[in-house]
Amino acid sequence: MRATLRQAARATVHLFLAAAMAFGSYLFITVLLIAATGAVSGVGIWLLPETVLLIRRIAGAKRRLTASWTGREIPEAYRTVTGPLRERLRTAVGDPGTLTDLRWMGAYYAYGWLTMLMLPLWPAGLLVDGVRRGLLGREALVLPLLVRLADLEAGWSATLLRPSPKALLASRVEQLTATRADAVAAHGAELRRIERDLHDGAQARLVALSMRIGLAQRAYGADPDTARKLLSDAQDQAEVALTELRHVVRGIHPPILTDRGLEGAVRALAGSSGLGVTVRTDLLPDGPRAPAAVEAAAYFVIAEALTNASKYSGSDRAEVVLARSRTGLSVRVRDEGCGGVDESAGSGLLGMRRRVAALDGTVRVTSPVGGPTVIEVELPCVW
């Protein structure tokens with residue numbers, strides 16, 4: 001009986017919240033009528049996009065409520081409402097997600113009142129099931145109906161709120177468009193960085209090297225000692241230029257990835273990070289290597305995360321976990337520092353997200369104040 005009461009109480013909480021949302025939806029019809037009247041008359045046409053955004057928030061709250069009961073997430077698929085008024089209107093009206101939300105809201109006006117059935121079920125359940133369980137030792141009969149009622153309400157809501165294939169496709173196209181734009185921007189920034197490094201570093205060193213060799217040639221006959229000193233300086237310049245060229249090459253694609261693979265490259269990176277880094281690769285079994293682009297993205301993510309940990313976390317230890325899943329490569333970097341990462345403060349996470357998004361991957365950053373900071377990256381690939 002105790003377990004039955006707990007299940008019924010949980011179902012009642014869900015039904016109560018659903019009833020409150022249904023009541024709010026009944027009141028929201030006034031806003032819809034005002035927006036529709038304004039759109040028809042043209043006076044308050046600017047209200048239409050804002051009303052659609054408000055409907056999205058209501059539908060989003062209902063999706064979260066339904067997911068908390070069923071344990072299954074309901075995806076959202078909306079086009080971004082931005083730009084001038086004409087574009088906002090076109091997007092708000094033409095978005096398939098708007099039709100899905102309006103269809104759910106219209107149906108919710110009809111089936112939302114079913115949640116009120118919980119009110120008579122409780123006294124009847126306590127009486128009937130109390131007698132059945134306490135005196136007759138039989139299974140509860142009425143209180144489980146609350147759970148079935150919650151299942152019914154959540155099932156209908158999940159079906160109505162689930163985006164159509166057209167809406168999912170439109171959302172995916174918009175996401176890929178944004179990802180492509182980020183990838184192009186990241187590629188352009190990387191090219192500019194390489195050009196700057198070559199121009200300010202190796203190129204300047206090579207110019208100085210050429211000048212010293214020319215001076216040495218002129219002084220060789222008249223002043224051999226000065227010529228030897230100039231050639232010695234030229235050799236030093238050549239070594240510095242080679243070092244800077246290697247640095248540029250490592251920024252494009254680290255040779256160690258080709259020579260030692262991702263595991264060896266990450267261990268070398270951990271050893272030179274200045275932190276006590278634990279590298280776990282036991283979840284990366286022997287087998288085919290990930291594509292070069294995936295390995296490079298994982299390497300640069302780990303390098304950026306360890307650099308941030310070394311500079312800002314205040315911790316002297318970190319952990320890197322590499323794992324292979326059925327659909328791709330997982331990277332997890334954790335430090336026990338002070339946390340509170342601010343992505344807008346130029347911590348390198350934006351570049352990390354762009355690099356991963358270009359491969360259709362995901363980045364999840366968890367960094368509460370006080371720590372720890374955990375960066376989890378999923379890079380899809382075919383093994």
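Values below: every heavy atom of this structure, side chains too, minus hydrogens, waters and symmetry copies. Residues: numbered from 1 along the sequence shown.
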A.B. asks: Same cluster for Trp69 and Val13 if Ile/Leu/Val/Met/Phe/Trp/Tyr side chains link at under 4.5 Å?
C.D. replies: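 Not linked; separate clusters.
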
A.B. asks: If I take atom OG1 from residue Thr100 and atom CD1 from residue Ile55, how far apart are they, to the nearest 0.5 angstrom?
C.D. replies: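 If I round to the nearest 0.5 Å, the distance is 12.0 Å.
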
A.B. asks: Do you know which two heavy atoms are closest between Pro380 and Gly361, and how far apart they sit?
C.D. replies: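 Result for this residue pair: CD-CA, 3.6 Å.
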
A.B. asks: When you look at Arg148 and Asp151, which way does the salt bridge (charged side-chain N to carboxylate O under 4.0 Å, His left out) test go after all the steps?
C.D. replies: CA-CA 5 Å; Arg148 295 181 184 177; Asp151 288 339; over 6 Å; no

A.B. asks: Do Leu322 and Arg280 have side chains that get closer than 4.5 Å, going by heavy atoms?
C.D. replies: no

A.B. asks: Measuring from atom CD1 of Ile375 to atom CZ of Arg334, what distance do you get when rounded to the nearest 0.5 angstrom?
C.D. replies: 12.5 Å

A.B. asks: Other residues, nucleotides and ligands only: do more than 12 of their heavy atoms fall within 6.0 Å of CE on Met116?
C.D. replies: yes

A.B. asks: Using side-chain heavy atoms (C-beta onward) and a distance below 4.5 Å, is Leu275 in contact with Ser310?
C.D. replies: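 Result yes, sub-4.5 Å side-chain heavy-atom pair found.
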
A.B. asks: Out of curiosity, Arg79 CZ to Arg90 CZ, how far, rounded to the nearest 0.5 Å?
C.D. replies: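 Those atoms lie 10.5 Å apart.
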
A.B. asks: Return the minimal non-hydrogen interatomic distance between Arg63 and Ile74, and the atom names on each side.
C.D. replies: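 Nearest heavy atoms, Arg63 then Ile74: CD-O, 3.7 Å.
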
A.B. asks: Roughly how far, to the nearest 0.5 Å, is the NZ atom of Lys62 from the OH atom of Tyr108?
C.D. replies: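 Answer for the OH-NZ pair, Tyr108 versus Lys62, is 3.0 Å.
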
A.B. asks: Answer yes or no: does atom CD of Glu239 have more than 12 heavy-atom neighbours from other residues, nucleotides or ligands under 6.0 Å?
C.D. replies: yes

A.B. asks: Is the number of heavy atoms from other residues, nucleotides or ligands under 6.0 Å of Arg103 CZ greater than 12?
C.D. replies: yes

A.B. asks: Does some side-chain heavy atom of Asp335 sit less than 4.5 Å from a side-chain heavy atom of Asn308?
C.D. replies: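 No, their side chains stay 4.5 Å or more apart.
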
A.B. asks: If Ile, Leu, Val, Met, Phe, Trp and Tyr residues are connected whenever their side-chain heavy atoms lie under 4.5 Å apart, and connections chain through other members, are Val377 and Val341 in the same group?
C.D. replies: yes

A.B. asks: Is there a continuous path of hydrophobic side-chain contacts, each under 4.5 Å between heavy atoms, that joins Leu89 to Leu99?
C.D. replies: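 In one cluster: no.
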
A.B. asks: Is it the case that one hydrophobic cluster holds both Met118 and Met21, taking links as side-chain heavy atoms less than 4.5 Å apart, direct or via other members?
C.D. replies: yes

A.B. asks: Lys229 and Asp233: salt bridge (charged side-chain N to carboxylate O under 4.0 Å, His left out), yes or no, with the steps?
C.D. replies: CA-CA 6 Å; Lys229 184 177 183 304; Asp233 292 342; 3.4 Å; yes

A.B. asks: Which heavy atom in Leu161 sits nearest to a heavy atom in Ala59, and how many Å separate them?
C.D. replies: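 Closest approach of Leu161 to Ala59, heavy atoms only: CD2-CB, 4.1 Å.
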
A.B. asks: Quick one: does any side-chain atom of Ser367 pair with a main-chain N or O of Thr373 as donor and acceptor, under 3.5 Å?
C.D. replies: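 Side chain of Ser367 to backbone of Thr373: no pair is present.
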
A.B. asks: Considering non-hydrogen atoms only, spot the tightest contact between Ala154 and His14 and give its length.
C.D. replies: CB-NE2, 4.1 Å

A.B. asks: Distance from Ile302 atom CD1 to Leu269 atom CG, nearest 0.5 Å?
C.D. replies: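 Going from the CD1 atom of Ile302 to the CG atom of Leu269 covers 7.0 Å.
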
A.B. asks: Using the salt bridge (charged side-chain N to carboxylate O under 4.0 Å, His left out) rule, take Arg317 and Glu336 through it: C-alpha gap first, then chi angles, then the decisive distance, then the call.
C.D. replies: CA-CA 7 Å; Arg317 298 199 60 80; Glu336 301 295 336; over 6 Å; no

A.B. asks: Do Val374 and Arg364 have side chains that approach each other closer than 4.5 Å (heavy atoms only, starting at C-beta)?
C.D. replies: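 No; the side chains remain at least 4.5 Å from each other.
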
A.B. asks: Under the criterion side-chain hydrogen bond (donor to acceptor under 3.5 Å, both in side chains), I'd like the reasoning laid out for Ser330 against Glu378: C-alpha separation, chi angles, the key distance, then a yes or no.
C.D. replies: CA-CA 5 Å; Ser330 300; Glu378 297 288 338; 2.8 Å; yes

A.B. asks: Should Leu160 and Tyr111 be marked as a side chain to side chain contact (heavy atoms under 4.5 Å, CB included) after you check the CA-CA gap, both sets of side-chain angles, and the distance that decides it?
C.D. replies: CA-CA 12 Å; Leu160 290 168; Tyr111 74 85; 3.6 Å; yes

A.B. asks: Is the shortest side-chain N to carboxylate O distance from Asp95 to Arg56 below 4.0 Å?
C.D. replies: yes

A.B. asks: Test your reading of the model: is there a side-chain donor-acceptor pair from Thr159 to the backbone of Gly155, 3.5 Å cut-off?
C.D. replies: yes

A.B. asks: Do Thr98 and Val93 have side chains that approach each other closer than 4.5 Å (heavy atoms only, starting at C-beta)?
C.D. replies: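 No, too far: nothing below the 4.5 Å cut-off.
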
A.B. asks: Start with the C-alpha distance between Thr362 and Val356, add both sets of side-chain angles, then the distance that settles side chain to side chain contact (heavy atoms under 4.5 Å, CB included), and finish with yes or no.
C.D. replies: CA-CA 6 Å; Thr362 58; Val356 172; 5.7 Å; no

A.B. asks: Flag the pair Glu50 / Leu53 as yes when at least one side-chain heavy-atom distance between them is below 4.5 Å, and no otherwise.
C.D. replies: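 Side-chain contact under 4.5 Å: yes.
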
A.B. asks: Between Val365 and Val363, is the side chain to side chain contact (heavy atoms under 4.5 Å, CB included) condition met? List the steps.
C.D. replies: CA-CA 7 Å; Val365 179; Val363 178; 4.0 Å; yes

A.B. asks: Is the shortest heavy-atom distance from the side chain of Trp156 to the side chain of Leu114 under 4.5 Å?
C.D. replies: yes

A.B. asks: Can you see which heavy atom on Gly60 is nearest to which on Glu76, and at what distance?
C.D. replies: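 Scanning both residues completely, I find the closest heavy atoms to be CA-OE2, 3.4 Å.
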
A.B. asks: Side-chain contact, heavy-atom cut-off 4.5 Å: Leu262 with Leu329?
C.D. replies: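 They are in contact (side-chain heavy atoms under 4.5 Å apart), so the answer is yes.
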
A.B. asks: Using the rule that Ile, Leu, Val, Met, Phe, Trp and Tyr join whenever any side-chain heavy atoms are under 4.5 Å apart, tell me whether Leu65 and Val147 fall into a single cluster.
C.D. replies: no

A.B. asks: So, the side chain of Thr115 versus the backbone of Gly112: is there a donor-acceptor pair under 3.5 Å, distance only?
C.D. replies: yes

A.B. asks: Would you compute the distance between atom SG of Cys381 and atom CZ of Arg324 and round it to the nearest 0.5 angstrom?
C.D. replies: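 It comes to 8.0 Å.
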
A.B. asks: At their closest point, which heavy atom of Ala318 faces which heavy atom of Leu306, and how far apart are they?
C.D. replies: CB-CD2, 4.0 Å

A.B. asks: Evaluate Val277 against Val320 for side chain to side chain contact (heavy atoms under 4.5 Å, CB included), listing each step before the verdict.
C.D. replies: CA-CA 7 Å; Val277 182; Val320 177; 3.8 Å; yes

A.B. asks: Do Ser157 and Glu153 pair up side chain to side chain, a donor and an acceptor below 3.5 Å, judged on atom types alone?
C.D. replies: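 Note: Ser157 and Glu153 side chains meet the donor-acceptor criterion.
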
A.B. asks: Give a yes-or-no answer on whether the side chains of Glu319 and Thr278 include a donor-acceptor pair shorter than 3.5 Å.
C.D. replies: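 Judged by distance alone, the side chains do not pair up.
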
A.B. asks: Looking at Thr70 and Thr66, would you say the former's side chain and the latter's main chain have a donor-acceptor pair under 3.5 Å?
C.D. replies: yes

A.B. asks: Hey, which of Leu359, Val301, Thr327 is the one that makes side-chain contact (heavy atoms from CB on, under 4.5 Å) with Leu379?
C.D. replies: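 The residue from Leu359, Val301, Thr327 that satisfies side-chain contact (heavy atoms from CB on, under 4.5 Å) with Leu379 turns out to be Leu359.
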
